[in-house]
**Q** 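My questions will all concern the structure given below.
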Amino acid sequence: MRIRPFSVPLVAPLSTARGEISQRRGFLVGIGGGGEDNDASKAEPTVQGIGEATPLPGWTEPYGRCRKELEAFAAASGDAASAVDPPEAPAARHGVALARLDRDARTANASLAERLSNRHGTGAAPADTVPVNATVGDGSPAETAASCREAVDVGFDCLKVKVGNRALSGDLERLRAVRDAVGEAVTLRADANGAWSRGTAERAIEQFGAFGVDYVEQPLPADDLEGHAHLRSRGVGIALDESLAVRGDGETSPLDRVRRAIEAEAADVVVLKPMALGGPDLTVEAATAAREAGVEPVITTTIDAVVARTAAVHVAAAIPDVSACGLATGGLLAEDLAPDPAPAEGGRIRVPDGPGIADGAFDGLCDGTDGG
Ligand SMILES: O=C(O)CCC(=O)C1=CC=C[C@@H](O)[C@@H]1C(=O)O
Ligand SMILES: [Mg+2]
C-alpha cells in the first residue's frame with residue numbers, strides 16, 4: 001500500500017459560517033493485489049486501486065490523526081490491504097475503503113456505482129448522470145447574486161448559498177438579491193453550518209419561506225437534534241450535515257448517527273459526505289436507510305480532490321432518483337491531481353463508465369511507478 005500526501009489550493013477561499021476553506025490537504029492511497037476477486041499470491045498485483053483521504057475539521061479527524069492512521073494501516077497490511085480492518089477515523093477509512101472498492105470493481109470489470117448499488121444499496125442499475133447544485137459562498141448581496149446568476153447561465157437549476165456568517169438581515173438581503181437575479185424557477189438552498197441559535201433559526205426560517213428556500217442545511221449546532229426537529233414543518237425543509245459527521249473520536253458509527261437523526265425526526269434531508277461517514281460503502285448504506293425512513297439523502301463532497309469527488313458521483317448514481325447533490329466542487333479548486341473525468345455540465349454530472357472509479361484515469365497517481 002502506498003500513501004501520497006497532497007495539497008490543492010482553492011481558486012478563492014470558500015467563506016462559510018465556520019470560517020474559510022482555502023486549501024485541501026489529504027492523502028492518496030494506492031493498493032495492489034489481494035481483495036475478494038484478486039489473487040494476492042501473484043508476484044505482481046494484478047489490479048491497482050486508488051483512494052483519497054482528505055480530512056476536514058468539523059467533519060472528520062484532523063490531518064495528523066489521518067496520517068497516523070494511514071501509516072499504521074500500511075504498516076500492518078502491506079500491499080494487499082485486504083486482510084486488515086480499515087482505519088476507524090472517517091477520512092482515513094474513506095481512503096482505504098475507496099481504494100479497495102476501486103480495485104475490486106476494476107477486477108470485476110464493474111463501475112464503482114454498480115459495485116456500490118449491488119453490495120451496499122438497492123441493487124438498482126445506477127444512473128448515467130446525476131443532478132448537481134452550484135455552491136456559493138458568503139459574500140455581499142451583489143457578489144452572491146452575480147455568482148448565482150453565473151451558475152444559472154451555465155445550466156445549474158439548483159443553488160446552495162452559504163448563510164450564517166453575518167447578521168440575519170444581511171443574509172435576507174443576499175437571498176432577496178439572488179431571487180431577483182435568478183427568478184422563481186431555480187431551486188434555492190441555504191447552508192448555515194450550525195451558526196444560529198434556536199431563536200435566530202426560527203426567525204430565519206419564517207422569512208426564508210418568502211424566497212422559496214427549499215431547505216436550510218444545519219441551522220443549529222450539530223448536537224441539537226431536538227432543536228432541528230422543532231424547526232421542521234414550517235414551510236422550509238431542514239437538512240442535517242455536521243450532525244451526521246462521525247469526526248473519528250470513537251463515537252457511534254455513521255449509520256447509527258443517521259438512524260439517531262431519523263429517530264429524532266430532526267431532518268427532512270440528510271446531507272451525506274462520504275469522507276465524513278468513512279467511505280462510499282457506508283454512505284450508500286446510510287442513504288438507503290434514510291430513504292426507507294422517508295428522509296431524502298443528498299450526497300456532497302468535502303471539497304475533495306478529483307479521486308474522492310469522482311467516487312462521490314458514483315455514490316450519488318447508486319441512489320435511485322437522487323436529488324441535486326453537492327458534487328460540482330471541482331471548479332472551486334485552482335489545481336487538481338488529474339483531469340476531471342466527471343465535470344459538471346448543464347447542472348448534471350455524467351457518471352464515468354469505469355471500471356472502478358474512472359478506469360485508468362488515475363493510474364500512476366499513487367501506484368509507486370512514478371513515485372506517485
Ligand atoms: O454541498 C455542496 O454544495 C458542496 C459541499 C459543501 O458545501 C461543503 C463541503 C464541506 C464543508 C462545507 O464548507 C460545505 C458544507 O457544509 O456542506
Ligand atoms: Mg453543509
Side-chain angles (χ1 to χ4, degrees), residues 8 10-26 52 54-60 90-91 94 130-139 144 147-148 151 156-165 178 186-196 201 213-222 228 237-247 257 261 266-277 283 287 296-306 308-313 315-316 322-333 342 344 347-349:
V8 289
L10 272 66
V11 171
L14 178 66
S15 185
T16 82
R18 300 180 64 91
E20 288 188 347
I21 299 174
S22 55
Q23 67 167 350
R24 299 293 289 117
R25 294 196 308 158
E52 178 185 326
T54 309
L56 185 63
W59 280 269
T60 75
H94 182 279
V130 294
V132 291
N133 63 260
T135 310
V136 176
D138 181 55
T144 308
S147 299
C148 289
F156 288 97
D157 62 5
C158 182
L159 308 170
K160 179 168 111 167
V161 176
K162 290 292 188 178
V163 297
N165 198 31
V178 168
V186 171
T187 299
L188 203 44
R189 296 167 175 174
D191 186 351
N193 289 107
W196 290 329
V213 172
D214 183 41
Y215 65 66
V216 179
E217 197 172 314
Q218 204 68 46
L220 300 172
H228 284 101
I238 298 299
L240 293 182
D241 178 3
E242 287 87 336
S243 292
L244 308 175
V246 176
R247 290 188 288 279
R257 285 188 75 84
D268 301 289
V269 173
V270 284
V271 175
L272 303 177
K273 290 175 160 62
M275 196 65 68
L277 296 186
T283 306
E296 185 60 14
V298 165
I299 309 301
T300 93
T301 72
T302 26
I303 323 289
D304 309 306
V306 64
R309 186 175 69 245
T310 308
V313 171
V315 170
V322 73
S323 299
C325 290
L327 302 170
T329 56
L332 297 175
L333 300 179
R348 300 188 74 85
I349 290 181

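Values below: all heavy atoms of this structure, side chains included; hydrogens, waters and symmetry mates excluded. Order of appearance sets the numbers: ligands from 1, and atoms from 1 within every ligand. Remember, predicted model here, so these are calculated numbers, not experimental data.
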**Q** Under 4.5 Å between any side-chain heavy atoms of Arg189 and Val298, yes or no?
**A**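 A side-chain contact exists here, since the closest heavy-atom pair is under 4.5 Å.
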**Q** Thr54: which residues meet the side-chain contact (heavy atoms from CB on, under 4.5 Å) condition with it, sequence neighbours left out?
**A**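 Counting only residues at least two positions away or on another chain, Thr54 forms a side-chain contact (heavy atoms from CB on, under 4.5 Å) with Phe6, Arg24, Glu52, Met275, Asp304.
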**Q** Counting distance only, does the side-chain N/O of Asp191 pair as donor-acceptor with the main-chain N or O of Asn193 below 3.5 Å?
**A**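 Yes; at least one donor-acceptor contact below 3.5 Å.
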**Q** Atom CG of Leu327 and atom CG of Asn133: how far apart are they, to the nearest 0.5 Å?
**A**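 Answer for the CG-CG pair, Leu327 versus Asn133, is 8.0 Å.
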**Q** By atom name, which N, O or S atom of Glu217 is the nearest to the Mg ion (ligand 2)?
**A**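 For Glu217, the N, O or S atom at the smallest distance from the Mg ion (ligand 2) is OE2.
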**Q** May I ask you to check whether Glu242 brings an N, O or S atom to under 2.8 Å from the Mg ion (ligand 2)?
**A**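 It does not: Glu242 brings no N, O or S atom closer than 2.8 Å to the Mg ion (ligand 2).
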**Q** So, Thr300 and Lys273: side-chain donor and acceptor under 3.5 Å apart, yes or no?
**A**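 Yes, Lys273 and Thr300 have a side-chain donor paired with an acceptor closer than 3.5 Å.
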**Q** How wide is the angle at the Mg ion (ligand 2) between OD2 of Asp241 and OD2 of Asp191, to the nearest 10°?
**A**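 Answer comes to 180°, rounded to 10°.
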**Q** What are the polar N/O contacts of ligand 1 with the protein below 3.5 Å, with distances?
**A**
{"from": "ligand 1", "atom 1": "1 (O)", "to": "Lys160", "atom 2": "NZ", "distance (Å)": "2.8"}
{"from": "ligand 1", "atom 1": "3 (O)", "to": "Asn133", "atom 2": "ND2", "distance (Å)": "2.9"}
{"from": "ligand 1", "atom 1": "3 (O)", "to": "Thr135", "atom 2": "OG1", "distance (Å)": "2.6"}
{"from": "ligand 1", "atom 1": "7 (O)", "to": "Lys160", "atom 2": "NZ", "distance (Å)": "3.0"}
{"from": "ligand 1", "atom 1": "13 (O)", "to": "Lys162", "atom 2": "NZ", "distance (Å)": "3.4"}
{"from": "ligand 1", "atom 1": "16 (O)", "to": "Lys162", "atom 2": "NZ", "distance (Å)": "3.1"}
{"from": "ligand 1", "atom 1": "16 (O)", "to": "Asp191", "atom 2": "OD2", "distance (Å)": "2.9"}
{"from": "ligand 1", "atom 1": "16 (O)", "to": "Asn193", "atom 2": "ND2", "distance (Å)": "2.7"}
{"from": "ligand 1", "atom 1": "16 (O)", "to": "Asp241", "atom 2": "OD2", "distance (Å)": "3.2"}
{"from": "ligand 1", "atom 1": "17 (O)", "to": "Lys160", "atom 2": "NZ", "distance (Å)": "2.9"}
{"from": "ligand 1", "atom 1": "17 (O)", "to": "Asp191", "atom 2": "OD2", "distance (Å)": "3.3"}
{"from": "ligand 1", "atom 1": "17 (O)", "to": "Glu217", "atom 2": "OE2", "distance (Å)": "3.1"}
{"from": "ligand 1", "atom 1": "17 (O)", "to": "Asp241", "atom 2": "OD2", "distance (Å)": "3.0"}
{"from": "ligand 1", "atom 1": "17 (O)", "to": "Lys273", "atom 2": "NZ", "distance (Å)": "2.8"}

**Q** Kindly give the heavy-atom pair with the smallest separation between Ala328 and Val132, and that separation in Å.
**A**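 It is CB-CG2, 4.1 Å.
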**Q** Which heavy atom of Ser243 sits nearest to which heavy atom of Leu240, and what is that distance?
**A**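 Heavy-atom minimum between the residues: OG-CD2, 3.8 Å.
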